Structures are given as C-alpha cells and as structure tokens.
Amino acid sequence: MTTDRRSFLARLSGAVLGAGVLTRLAGVQAALAQELAGLDFRAGDARALARLRDAYLLDERLLYLNHASIGTTPAAVVEAHTAYLRVCESHPSLYVWGEVWRAALEEIRSRAAVLMDCAPDDLAVTHNTTEGFSVLAHGLPLDRGDEVLFTVLNHAGASEAWQVLAATRGFRVRRVELPLEDAAGWSERDVVDLHLDALRPETRVLVLPHIDNMIGLRHPVDAIARAARARGVEFVLVDGAQAVGMVPVSLAEMGVDAYATSAHKWLQAPKGLGLFYVSPALRERLPRMWFKTPPHHLGAGARAYEDYSTRAWPAVVALGDALSFQAALGEGEKARRYEMLWRQIREAVDAHPGLRWRSPRSWRLGSMIMAVEVVGRDAPALAEQLLEEEGVVMRAFPPPLNTLRIAPNLAVQDDALQRFLQRLG
Ligand SMILES: Cc1ncc(COP(=O)(O)O)c(C=O)c1O
C-alpha cells in the first residue's frame, strides 16, 4: 500500500474524524456562549429580546405561542446539525453506526444528567416521551388485575401504550376525571389530595405529567410520589415532556422510578429526540425493547434502552448544541424571565373583563402553559381565526375546557404579546 493511501485510510479512522467532530462541537458551543452573553432578559430589554428573536428561524409574521406542541430550534443549532449531516454524508457507512459519535453522546448524556439532577448512567437518549412510556408499558413487571392509574391531564403519549397493552398484559387502566373548572384555585395540598383520593388498593402504578399540556399544572411530583408510595403504589412514572428546559428538574429530589421527556419542546433540540430516566432499582426489573448489541457488549445502566442500531446521529450530536444554547441563556435568567412573562400574561388576563384565567394562579403550580377562556367564544374556532387573520399560532381545547393555550418561549416579544392580549376578547 502506498504511504498516501495509508494516510488517507488513517485520516478516515473513526478516532481522527471523531475528534474533528468534537472540535467542531466545542467551536459551535464557544461561539454560542459569546453570542448570547450579556442578554438581560429579566429587564425585558427590547433590544436584547430582538437579538434573541433573531437567533431563531421563525417566520417573523408569526406570533408563536405553541411551544407546548413543538419547540423552535435556534438557527445556530440547526447550523450545527447541518454541519454534522454533511460530515455523515461524506462517508455514510463510516458514520452511520455511531462509533465516532460515541464520545459526543457520552458528553451529552453527562450534561443532560446535570440538567435533570441524576447520574449519567440513569439516562437513555431516546426519540421522545412516547417511546419511554412504550418501554414502560411493555416491560413493567405487573400482574393480572394490577391497576395503572392516571388523571385526565395525562397526555396520550404517556397513556395510550397502557390502554392498548392492558388487554394482552392483563393489567387494568383507570383514568380519573379532575374538576378542571376549579384549577385556578388549587393549592399544592389540593393537587396531592386529588391524586390520593383516586388511589385504590389495587393501584400499583401511578402515571402523571410533571407539567400537563392543557392547563400547565406543575404537579408537586415529590409530594405526590411520597404520599402515593405510603399508600402502597409501587411505581411512580412521570411524563416530563413539558418540563425539561422550561423549569428546574431534580430527579434526585423527586424520587420517582422513571421520567421520560422530549428534547424538541422546551430544550429546542432537533425534532425526534428524547431523554429517558430509569432508576437503578427499576432497571433491574425493566427489560429493554431494542436489541442490536449482545448483552456483554451493552453499555452500562440505562444505555440498554437505546440499543437502536442505525440512528440519526447528526441530530443526536446537535442535542449537545441545543443544551449549550440553553446553558448560554442561563438557567437562573431563564427562570426569572419565564416567571415575569407568566405574571405579565396573568395580570393582562385578569384586567380584561372578557378573559378568564383557567390555569393555577400560583407560579409554584403554574408554568409557561397558560389556559385562557375568552368568554362567550368557541376556543378552537377562535384559534383558527387568530391564525388566519393575525398569524398567532396556538392550540385550543374544546368545551368543556374551551380555552386557548398560550405557551410562549422566552424569545417572545413583550410588545407583540401585550398587543395580542389586548385584542383578545
Ligand atoms: C405532556 C406531554 N406528554 C407527552 C407528549 C408526547 O411527546 P412526544 O410526541 O415527543 O412523544 C406531549 C406532546 O405534546 C405532551 O405534551
């Protein structure tokens, strides 16, 4: 073999190209940190907000209040993703099975674990929340007659697998109603009691959203989990699709058995990525669902739940850039900006005689998912009209809730939001 050919092959070795990819990742992260440093969102500084808005690719004719359905991905993250796709397509059979991306994946797992306050070994990098709940409903050790319980606030992605598999696996599923018309007045104690009152002796599994997608109730998960366990519930499983990236999440404090989330909502990652926490104790009892790697080569911990074989590695690596973008915004700064936005919106709704606030009234139980009733109007029809006439993107829920769902991220422009609220009703 000629020297040239040998060095060409050496350059194509995973290690060399892998290192190149990682260097590029670090470069993107440094550029992002510089671009975003010094933006003071707390003050609601219009220039800072305009700069932040320009960091996204969103069509400027839209007022996007639909982060709870799907997030907007920052341009820098899209560019990083595109760069990784180009690397991948330069030699697909080298890149598509992932060896060269492994180090980046492990770095991402560690950073996601810091964000969610758990150990890296506890996290699998999956595709979405629905996948986590599918693994749970397929594999959780349940006997005939055991009950899986959730409330009306549980999303289909965390409910449907149980409903479908109940017949073949023999467990029972019960979905309880909640008096959502009273939600604005709920206290933390009320929310805990509503869950405890729904338990029965046969309830072995409690599934709940950290933040639901209809009224945005931030469930006091740790208090509910503690109380439910004291009543004999064996597994507490949490849907974090609407929480990670929006509010602080501490799995260490929550003490739950599993927590599944999607990175394409509030973490603003490329679409089709999720994180799945499985506690060490549950991992002993929860079989994996995908099989490519022989057990003795399988990575430790929750990595067993992501044994996909071929996967979209460029998107996975760009999750690292999405985490960097969020980190550059600053967790404390984000929390303050979100709370400020929430207060502004609630006050504007309270001041308007034609509007009614239908979400919890305290920020502690609230979130950036806000349910607003426009008195005397059909919410879904109104949402359609607002989209057509004013480019406002929102989801609406039909009666009996009959609410518009306002779910902005922190880049929303305050003046546009205020103008929209004034015109409502
Ligand atoms: C609370 C909640 N859980 C789960 C899901 C499902 O998410 P995914 O489609 O990413 O699995 C959603 C999606 O909107 C959601 O709002």
Side-chain angles (χ1 to χ4, degrees), residues 40-50 52-53 61-69 153 179-188 190-191 211-218 242 246-247 266 333-425:
D40 188 355
F41 308 117
R42 240 175 328 165
D45 171 356
R47 268 197 5 249
L49 287 176
L52 184 59
R53 180 196 51 209
R61 291 165 301 182
L62 298 179
L63 177 59
Y64 193 78
L65 305 177
N66 202 20
H67 249 74
S69 286
L153 290 179
L180 297 184
E181 62 284 2
D182 302 334
W186 284 344
S187 66
E188 182 170 326
D190 294 333
V191 178
I211 294 175
D212 76 274
N213 75 316
M214 292 157 80
I215 59 168
L217 168 66
R218 190 184 325 190
Q242 300 292 357
M246 189 226 281
V247 298
W266 301 91
E333 206 70 347
K334 267 173 64 173
R336 281 187 287 272
R337 164 90 177 134
Y338 275 144
E339 183 174 353
M340 188 191 80
L341 267 174
W342 177 86
R343 284 191 193 290
Q344 270 178 10
I345 296 170
R346 205 200 64 191
E347 279 162 21
V349 169
D350 284 349
H352 199 308
L355 302 179
R356 198 166 291 154
W357 182 265
R358 300 286 302 277
S359 290
R361 286 192 69 78
S362 75
W363 173 240
R364 198 176 152 78
L365 293 180
S367 70
M368 292 314 291
I369 298 178
M370 293 160 269
V372 175
E373 181 182 351
V374 182
V375 179
R377 300 290 302 269
D378 176 73
L382 180 57
E384 221 167 283
Q385 185 188 337
L386 287 165
L387 175 63
E388 264 172 39
E389 293 176 1
E390 304 184 26
V392 182
V393 185
M394 261 182 314
R395 189 165 168 199
F397 290 93
L401 207 51
N402 196 30
T403 47
L404 298 175
R405 183 181 70 180
I406 302 180
N409 92 327
L410 40 73
V412 71
Q413 305 298 294
D414 290 352
D415 50 348
L417 189 60
Q418 285 302 332
R419 277 199 305 276
F420 156 71
L421 289 167
Q422 289 312 316
R423 279 199 309 271
L424 263 187

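Please read all numbers here as calculations on a predicted model, not as lab measurements.
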Hey, are Arg336 and Glu333 close enough for a salt bridge, meaning a charged N less than 4.0 Å from a carboxylate O? yes
Does this structure show an ion pair linking Asp414 with Arg337, if we count only N-O contacts that are shorter than 4.0 Å? yes
What are the two closest heavy atoms between [X] and [Y], and how far apart are they?
| X | Y | value |
| --- | --- | --- |
| Leu404 | Ala379 | CD2-O, 3.6 Å |
| Ala396 | Ala383 | CB-CB, 3.8 Å |
| Leu410 | Leu49 | O-CD2, 3.8 Å |
| Leu355 | Leu421 | CD1-O, 4.1 Å |
| Gly185 | Asp190 | O-OD2, 3.9 Å |
| Glu181 | Arg358 | CA-NH2, 4.0 Å |

Can any side-chain N or O of [X] pair as donor or acceptor with the backbone N or O of [Y] at less than 3.5 Å?
| X | Y | result |
| --- | --- | --- |
| Glu188 | Leu365 | no |
| Asp350 | Glu347 | no |
| Arg356 | Val375 | no |
| Ser367 | Arg218 | no |
| Arg405 | Phe397 | no |
| Gln418 | Ala416 | no |

Under 30°, 30 to 60°, or over 60°: which ring-plane class applies to Trp342 and Trp357, parallel, tilted or perpendicular?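 Perpendicular, since the angle between the ring planes exceeds 60°.
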Take the angle between the ring planes of His67 and Trp266 and call it parallel below 30°, perpendicular above 60°, tilted in between.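 His67 vs Trp266 ring planes: tilted.
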Around Glu384, counting heavy atoms of other residues, nucleotides and ligands shown, do more than 12 lie under 6.0 Å from its CD? no
With respect to Ile215, which candidate in Ile211, Leu217, Asn213 satisfies the side-chain contact (heavy atoms from CB on, under 4.5 Å) definition? Leu217
Step-by-step side chain to side chain contact (heavy atoms under 4.5 Å, CB included) determination, Leu424 to Leu386: CA-CA 9 Å; Leu424 263 187; Leu386 287 165; 3.9 Å; yes
Once you round to the nearest 0.5 Å, how far does [atom1] of [X] lie from [atom2] of [Y]?
| X | Y | atom1 | atom2 | value |
| --- | --- | --- | --- | --- |
| Glu373 | Ser359 | CD | OG | 11.5 Å |
| Lys334 | Asn409 | NZ | CG | 9.0 Å |
| Leu52 | Arg47 | CG | CZ | 14.0 Å |
| Arg364 | Glu339 | CZ | CD | 12.0 Å |
| Phe420 | Glu390 | CZ | CD | 8.0 Å |

Close side-chain approach of Ile345 to Pro408, heavy-atom, < 4.5 Å: yes
Passes side chain to side chain contact (heavy atoms under 4.5 Å, CB included), Ile369 versus Asp212? Steps please. CA-CA 8 Å; Ile369 298 178; Asp212 76 274; 5.7 Å; no
So, using side-chain contact (heavy atoms from CB on, under 4.5 Å) as the criterion, who are the partners of Pro399 when residues are at least two apart? Asp378, Asn402
